[in-house]
Amino acid sequence: MISWSRTDRNDGNMSINILLVASEVVGFAKTGGLADVAGSLPSALARRGLRAAVILPLYRSARRANVEPTEIVVEVQVGHRLVPARLWRTSLPDGATAYLVENDDYFGRDDASQGRGIYQYTLPDGSKRDYEDNCERFVFFNRAVAEFLPYLDSWPQIVHVNDWQTGLIPVYLRELYAARDDRYGRIATMMTIHNIAFQGFYWSYDYPMTGLPWSLFTYDRLEFYGGYSFLKAGIVYSDLVTTVSPTYAREIQTPDYGRAFHPILYQRRERLYGIVNGVDYTQWNPVTDKYIPANYGPDDLSGKLVCKRALRRELKLSDAGAPPLFGMVARLTDQKGVDLIAAIAPQMLERGWQIAILGDGDPHHHRTFEALRSRYPERLGLRLGFDESLAHRIEAGSDAYLMPSAFEPSGLNQLYSLRYGTPPLVRRTGGLADTVTDTNAQTLADGKATGFSFTRYSPEELWNTVERAEALWRHSPEAWKQVMITGMTQDWSWDRSAADYDKLYRRLVQAK
Ligand code: ADP
């Protein structure tokens with residue numbers, strides 16, 4: 001364990017070598033925000049003069065990228081077996097190196113046309129199941145990363161792991177590999193939690209597969225409710241723990257949000273930080289967006305009205321009158337506050353307001369919105385499924401954006417909405433609390449208002465917030481425009497997030 005001091009020394013010129021480890025990286029394999037972080041952070045760090053590479057499994061989908069095998073093959077101990085792993089490599093678009101770990105038995109099975117993903121497969125009834133050997137697959141990947149370190153272009157000072165799929169790496173470095181080669185013992189480790197709901201929890205019978213001694217199977221190390229958890233291992237063993245927003249960092253120390261991890265995180269609170277994820281503004285910027293019918297920006301908003309008209313046409317909404325249009329793009333799951341929206345949507349539609357929803361998720365949410373659409377076909381625009389380009393047009397064409405999440409570790413859509421001049425209506429939780437400033441007399445006067453927020457998870461509170469937003473939109477167009485422009489000119493880029501990671505990396509290296 002490192003000795004830790006919060007003092008910052010003058011360290012501006014220190015060059016740091018970081019290896020990011022992630023189970024998904026955008027461009028190779030993606031199921032969520034983790035892939036964006038792992039794909040965008042290395043380049044943003046490079047722009048700050050840090051050296052970062054990333055390593056991930058070579059999934060079948062990743063072979064479509066421009067990847068090359070190397071001659072480097074190691075044998076990885078998984079239980080009593082030795083399993084071969086070959087190192088592959090390629091470059092990310094901005095030049096950072098991406099390494100990939102090949103073993104086709106473990107990582108060559110994903111095939112979207114067969115309903116097989118990188119962690120889960122689909123049953124005949126459409127529901128999804130984790131692969132039965134996920135524990136073994138990621139034990140292998142974690143040990144393979146440790147085995148490959150001597151063969152990388154440079155030895156990392158920091159290994160930055162992400163989510164449960166990489167949680168055993170800090171344990172391996174300290175408990176197994178440091179004794180073989182003291183360079184392993186000098187590596188500082190950081191773990192980022194992207195969603196506390198995913199914990200990599202396995203029963204004790206799987207423990208021998210890790211090759212770790214039973215002496216670590218204790219409540220203050222790896223043991224968790226009789227089994228063991230990769231996530232817990234990473235939290236306990238990493239020198240620093242981060243999550244994807246400051247508010248979520250506080251929330252997961254409480255029983256309501258911590259999913260049984262709150263005592264462990266509370267114990268490590270001095271080493272727990274929150275950094276909000278960034279937006280890729282090359283993809284999400286109304287000034288240059290290729291998916292929208294008219295470009296616009298804070299200096300000239302006229303294109304936004306063109307986008308609104310076109311969106312109403314695209315979703316077959318009535319083009320009579322000038323009602324407010326509320327947008328939403330989300331996985332239709334309980335996390336996203338879909339039940340709150342379903343509860344107040346009839347009231348909104350009765351008033352003649354319009355709603356545009358794009359989403360994919362739980363079948364019962366699909367049915368709810370389909371029923372609503374058949375009642376209000378000219379006011380509710382609904383597209384069930386995944387549609388990248390429509391997501392852009394909803395961000396651009398809506399007046400306001402709905403995101404009343406029950407929990408939201410970081411959240412991207414509210415950040416897109418800010419940039420697109422579509423003030424977000426959010427529940428004050430996680431990254432939403434950290435990125436949206438509620439509109440009131442004070443925040444308007446201070447020039448800080450960017451959206452609307454509420455605290456209690458209830459349809460009444462969401463309804464009050466929607467009414468409040470609609471009133472400002474209808475009766476105070478100048479104030480509304482100010483809210484739009486304040487949001488549009490904020491910087492939520494990866495460069496901003498990278499600056500925060502940079503600070504933590506420097507402290508880590510100094511402390512080590
Ligand atoms: P989460 O990662 O919890 O799903 P975020 O707001 O952080 O939520 O990011 C969701 C991302 O996925 C955004 O880029 C959003 O636009 C996109 N997305 C979600 N559902 C859809 C959909 N049905 N069609 C297109 N894009 C979607």
Side-chain angles (χ1 to χ4, degrees), residues 286 289 291-294 296 301-330 332 336-361 365-385 387 389-404 413-414 416-418 420-426 439 451-452 454 459 462-477 480-481 483-484 487:
D289 194 322
Y291 293 118
I292 63 179
Y296 62 93
L301 293 167
S302 53
K304 188 160 172 73
L305 197 59
V306 179
C307 292
K308 180 175 176 179
R309 284 202 202 104
L311 181 63
R312 289 169 81 183
R313 272 197 305 278
E314 179 172 1
L315 295 177
K316 307 206 164 34
L317 298 174
S318 154
D319 57 7
L325 174 53
F326 295 86
M328 176 174 192
V329 180
L332 297 179
K336 299 292 174 182
V338 177
D339 50 336
L340 296 191
I341 292 178
I344 69 158
Q347 253 170 298
M348 294 172 70
L349 300 166
E350 275 302 321
R351 292 232 177 151
W353 304 347
Q354 295 184 328
I355 308 177
I357 296 178
L358 166 63
D360 195 15
H365 291 312
H366 288 200
R367 285 193 293 273
T368 305
F369 288 118
E370 277 171 334
L372 262 178
R373 180 182 44 185
S374 41
R375 261 173 71 197
Y376 303 95
E378 298 207 311
R379 298 184 191 162
L380 175 65
L382 181 64
R383 190 71 64 80
L384 298 173
D387 186 339
S389 74
L390 179 58
H392 288 245
R393 288 192 293 281
I394 289 181
E395 286 290 359
S398 305
D399 294 300
Y401 189 84
L402 298 169
M403 198 161 173
N413 274 303
Q414 84 279 17
Y416 303 155
S417 303
L418 291 172
Y420 281 69
T422 310
L425 275 62
V426 303
T439 299
F452 300 84
F454 64 99
L462 175 59
W463 172 251
N464 292 338
T465 309
V466 171
E467 263 199 323
R468 197 154 59 83
E470 200 272 343
L472 192 80
W473 177 83
R474 189 175 297 281
H475 302 300
S476 311
W480 185 267
K481 188 171 164 196
V483 174
M484 287 169 74

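This structure is a prediction, so every number in the text was calculated from the model and none was measured. Along the sequence shown, residues carry numbers from 1. Heavy-atom basis, side chains included; hydrogens, waters and symmetry copies ignored.
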Inset, instruction - Locate the shortest heavy-atom distance separating Pro477 from Arg474; write the atom from each residue and the value. - result: CD-O, 4.2 Å
Inset, instruction - Give the minimum heavy-atom separation between Asp387 and Leu390, together with the two atoms involved. - result: OD1-N, 3.1 Å
Legend entry - Flag for Tyr376-Glu350: side-chain donor and acceptor within less than 3.5 Å: yes
Inset, instruction - Supply the atom-to-atom distance Arg393 CZ to Leu315 CG, rounded to the nearest 0.5 angstrom. - result: 8.5 Å
Inset, instruction - Quick one: closest heavy-atom pair of Leu358 and Ala391, and the distance? - result: CD2-N, 3.6 Å
Legend entry - Shortest non-hydrogen contact between Gly451 and Val483, atoms and distance: N-CG1, 3.8 Å
Legend entry - Met328/Ile394 under side chain to side chain contact (heavy atoms under 4.5 Å, CB included): CA gap, chis, key distance, verdict: CA-CA 7 Å; Met328 176 174 192; Ile394 289 181; over 6 Å; no
Inset, instruction - Please check if the side chain of Ser374 supplies one atom and the backbone of Ala371 the other of a donor-acceptor pair under 3.5 Å. - result: yes
Inset, instruction - Please name the pair of heavy atoms, one in Ala396 and one in Tyr296, separated by the smallest distance, quoted to 0.1 Å. - result: CA-OH, 3.4 Å
Inset, instruction - With the side chain counted from C-beta on, respond yes when Leu425 and Val466 share a heavy-atom pair under 4.5 Å apart, and no when they do not. - result: yes
Inset, instruction - Would you check if the side chain of Lys304 reaches a backbone N or O of Tyr420 as a donor-acceptor pair within less than 3.5 Å? - result: yes
Inset, instruction - With rounding to the nearest 0.5 Å, note down the distance linking CZ in Arg373 to CG in Leu384. - result: 6.5 Å
Legend entry - Least distance between heavy atoms, Pro377 atom then Leu317 atom: O-CD2, 4.2 Å
Inset, instruction - Apply the side chain to side chain contact (heavy atoms under 4.5 Å, CB included) test between Arg312 and each candidate in Arg309, Lys316, Lys308, Glu314; give the one that qualifies. - result: Lys308
Inset, instruction - May I ask you to decide if Met403's main-chain N or O and Asn413's side chain share a donor-acceptor pair within less than 3.5 Å? - result: no
Legend entry - Any side-chain heavy-atom pair of Asp289 and Ile292 under 4.5 Å: yes
Inset, instruction - Quick one: do Ile355 and Leu325 satisfy side chain to side chain contact (heavy atoms under 4.5 Å, CB included)? Show the steps, please. - result: CA-CA 5 Å; Ile355 308 177; Leu325 174 53; 5.7 Å; no
Inset, instruction - Show your reasoning for whether side chain to side chain contact (heavy atoms under 4.5 Å, CB included) applies to Asp360 and His366. - result: CA-CA 8 Å; Asp360 195 15; His366 288 200; 3.5 Å; yes
Legend entry - Close side-chain approach of Ile341 to Pro404, heavy-atom, < 4.5 Å: yes
Inset, instruction - Would you check, one step at a time, whether the test side chain to side chain contact (heavy atoms under 4.5 Å, CB included) holds for Tyr416 with Tyr401? - result: CA-CA 10 Å; Tyr416 303 155; Tyr401 189 84; over 6 Å; no
Legend entry - Sidechain-backbone polar pair: Arg468 side chain, Thr439 backbone, donor-acceptor under 3.5 Å: yes
Inset, instruction - Indicate yes or no for a side-chain donor-acceptor contact from Arg379 to the backbone of Gln354 under 3.5 Å, with no hydrogens or angles considered. - result: no
Inset, instruction - Test Phe452 against every option in Trp480, Trp463, Phe326 by the ring pair (Phe, Tyr, Trp, His ring centres under 6.0 Å) rule and name the one that passes. - result: Trp480
